[in-house]
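Numbering starts at 1 and runs along the sequence shown.
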Amino acid sequence: MEARSPSSGRRIFLIATEESGDRLGAALMKVLRQRLGDAVQFSGVGGREMTGEGIDPLFPIEELSIIGFAAVVKQLPKILQLIRRTADAVLADAPDMLVIIDSPDFTHRVARRVRARNPNIAIVDYVSPSVWAWRPGRARAMRGYVDHVLALLPFEPEEYRKLQGPPCSYVGHPLTEQLTSLRPNEEEQKRRDAQPPVLLVLPGSRRSEIRHHLALFGAALGELNKHTPFELVLPTMPHLEAMVREGVASWPMVPRLAVGEIEKRAAFRVARAALAKSGTVTLELALSGIPMVTAYRVGAAEAFILRRAIRVSSVILANLVIGSDIIPEFLQENCTPDKLAQALGDVLADSPDRLRQLVAFATMDGKMSTGDQPPSVRAADIVLAEMSRRPA
């Protein structure tokens, strides 16, 4: 990378290795450029959106699109090589600020290397690792290499305080800026209330998740369809469409695929209920006002480790924001077609379970509010404040 000159202004190195982090990074870069103009230069690792904002990525983020302990072990030499390469690039660039975005198993290893070799580089962590769910000791350890955590969930700053971690500020979740595209207009509400109800099925956004859940979800929906009519829609992304089509071809009823973000949001606005893999999509569904049943299956090795590590009663983000385990979740051996079908029948009908979810979802806007400031603006304010503590 080019050597830094005295007149080059502020330099910020950002690292995002997943699509969601890439979107966060791009939004942050846009606000920082609005604030600093030509006095800021960006470099780092990112995807399509961060590239559009001016980063020349060190490597394609697709090289890290893996999930599960078995996959990580198999790819470990490559991952370690990319960690070393990224840390070396940060040190060579000598930025004023390093912003690591999500993907803690990768980005935190880079940050620790950078802090050990150049403690003058400020480090901000955008998206907290799940210290409230497992490995709580990470919070205190982060004080050694993270100057500030930008939290997407409103309960996280208090968790960092209790766990004696670095300063943590709630900046807001990007979904709070997208509520109009998630919630129905008058005509869409009529379809949401009409018969047969639209049922969303969301088996995951990664190939390994889809493999774990497709057959199970298909069997559950087959059981449900024996006594409850519904219209089935499966949102997915273009790069997964062929895999999903092949996987659902043998289902008792073949779903309509909603391909891409626009079709997915349109499906959300008319859906009455959902069967979803645990993850961020549960927060998206809750903000959309869609009662759900959640499920998750992983490999035996990963399940063994997670059972001993998880320290919360629920892994559903919406439950954690609400403060109550209102959304049912079926994990591992408890995740069977019969149990999922029965729970889905309850949330499709006008049942007490459905009503409890809807009442709880109505409280989420207040709990997740950031006032009149978008998350990217709040995040940029903290990045600039942390940079201001360091000499230009």
Side-chain angles (χ1 to χ4, degrees), residues 152-155 172-203 217 220-221 223-225 227-235 255 258 264-296 312-331 334-335 339-370:
L152 270 58
L153 300 170
F155 59 85
H173 199 287
L175 284 172
T176 60
E177 296 182 88
Q178 303 165 30
L179 298 180
T180 302
S181 69
L182 287 168
R183 294 176 177 173
N185 60 27
E186 187 176 346
E187 285 302 310
E188 290 163 335
Q189 184 64 48
K190 288 179 182 177
R191 179 63 191 96
R192 184 176 274 193
D193 296 334
Q195 295 295 325
V198 175
L199 176 62
L200 298 181
V201 56
L202 297 139
F217 283 13
L221 294 164
E223 287 297 313
L224 178 65
N225 195 43
H227 53 79
T228 303
F230 54 89
E231 179 185 332
L232 188 59
V233 180
L234 194 160
K264 170 190 165 183
R265 293 296 173 90
F268 270 50
R269 293 193 298 272
V270 297
R272 180 172 175 82
L275 169 60
K277 183 231 57 160
S278 304
T280 303
V281 73
T282 63
L283 192 61
E284 201 170 2
L285 289 165
L287 288 168
S288 305
I290 303 172
M292 73 197 87
V293 172
T294 64
Y296 198 60
V312 288
S313 61
S314 174
V315 296
I316 305 301
L317 293 182
N319 281 345
L320 294 168
V321 171
I322 292 164
S324 177
D325 296 344
I326 208 79
I327 299 165
E329 52 191 320
F330 296 86
L331 310 177
N334 198 37
C335 188
K339 289 181 178 180
L340 293 178
Q342 182 175 344
L344 279 169
D346 288 340
V347 296
L348 277 170
D350 289 320
S351 68
D353 288 343
R354 175 181 177 83
L355 180 60
R356 277 193 293 269
Q357 289 196 41
L358 289 172
V359 169
F361 296 165
T363 69
M364 291 186 63
D365 284 7
K367 291 177 184 292
M368 299 189 68
S369 172
T370 58

Novice: Which residues pass the salt bridge (Lys or Arg N to Asp or Glu O under 4.0 Å) test with Glu284, sequence neighbours left out?
Specialist: Lys264, Arg265
Novice: Met368 pairs by side chain to side chain contact (heavy atoms under 4.5 Å, CB included) with which of Leu152, Leu283, Leu179?
Specialist: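 Option passing the side chain to side chain contact (heavy atoms under 4.5 Å, CB included) with Met368: Leu283.
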Novice: Stepwise, does the salt bridge (Lys or Arg N to Asp or Glu O under 4.0 Å) test hold for Lys190 with Glu187?
Specialist: CA-CA 5 Å; Lys190 288 179 182 177; Glu187 285 302 310; 3.3 Å; yes
Novice: Holding to salt bridge (Lys or Arg N to Asp or Glu O under 4.0 Å), I want the full list of residues that pass it with Glu186, two or more places apart in sequence or in another chain.
Specialist: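 In terms of salt bridge (Lys or Arg N to Asp or Glu O under 4.0 Å), with neighbours along the sequence ignored, Glu186 is linked to no residue.
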Novice: Contact between Glu329 and Asn319 at the side-chain level, heavy atoms closer than 4.5 Å - yes or no?
Specialist: yes
Novice: Output all residues satisfying ring pair (Phe, Tyr, Trp, His ring centres under 6.0 Å) with Phe268, sequence neighbours left out; order by chain, then residue number.
Specialist: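 With neighbours one apart ignored, the set is empty.
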Novice: Could you check whether any side-chain N or O of Ser369 sits under 3.5 Å from a backbone N or O of Gly366, counting only pairs where one atom can act as donor and the other as acceptor?
Specialist: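 Not a single qualifying donor-acceptor pair exists.
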Novice: Return yes if some donor-acceptor pair links the side-chain N/O of Arg356 with the main-chain N/O of Ile327 below 3.5 Å, else return no.
Specialist: no
Novice: Do Val270 and Val233 have side-chain heavy atoms sitting under 4.5 Å apart?
Specialist: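 Side-chain contact under 4.5 Å: no.
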Novice: Assess whether atom CD of Gln189 is packed by more than 12 heavy atoms of other residues, nucleotides or ligands within 6.0 Å.
Specialist: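 Result for CD/Gln189: enclosed.
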Novice: Measure the spacing between CG of Asp365 and CG of Leu287 and express it to the nearest 0.5 Å.
Specialist: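 Result: 6.5 Å between the selected atoms.
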Novice: When rounded to the nearest 0.5 angstrom, what is the spacing between OG1 in Thr294 and CD1 in Ile316?
Specialist: 3.5 Å
Novice: Roughly how far, to the nearest 0.5 Å, is CD1 of Ile290 from CZ of Arg183?
Specialist: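 Rounded to the nearest 0.5 Å, the CZ-CD1 separation comes out at 10.5 Å.
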Novice: Treating Gln357 as the side-chain partner and Arg354 as the backbone partner, does any N or O pair qualify as donor plus acceptor under 3.5 Å?
Specialist: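 Pair absent, no side-chain N/O of Gln357 close to backbone of Arg354.
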Novice: Within the distance-only criterion (no hydrogens, no angle test), does the side chain of Arg192 pair as donor or acceptor with the backbone N or O of Ala271 below 3.5 angstrom?
Specialist: yes
Novice: Could you pull out all residues at least two apart from Pro197 that satisfy side-chain contact (heavy atoms from CB on, under 4.5 Å)?
Specialist: Gln195, Phe230, Arg272, Leu348
Novice: By side chain to side chain donor-acceptor pair (under 3.5 Å), which residues pair with Asn225, not counting sequence neighbours?
Specialist: none
Novice: Rounded to the nearest 0.5 Å, what separates atom CG in Leu202 from atom CG in Leu275?
Specialist: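 Nearest 0.5 Å value for the CG-CG distance: 8.0 Å.
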Novice: What pairs with Thr280 under side-chain contact (heavy atoms from CB on, under 4.5 Å), at least two apart in sequence or on another chain?
Specialist: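 Thr280: side-chain contact (heavy atoms from CB on, under 4.5 Å) contacts with His173, Leu317.
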Novice: Report the distance from atom OG1 of Thr282 to atom CE of Met292, rounding to the nearest 0.5 Å.
Specialist: 6.0 Å
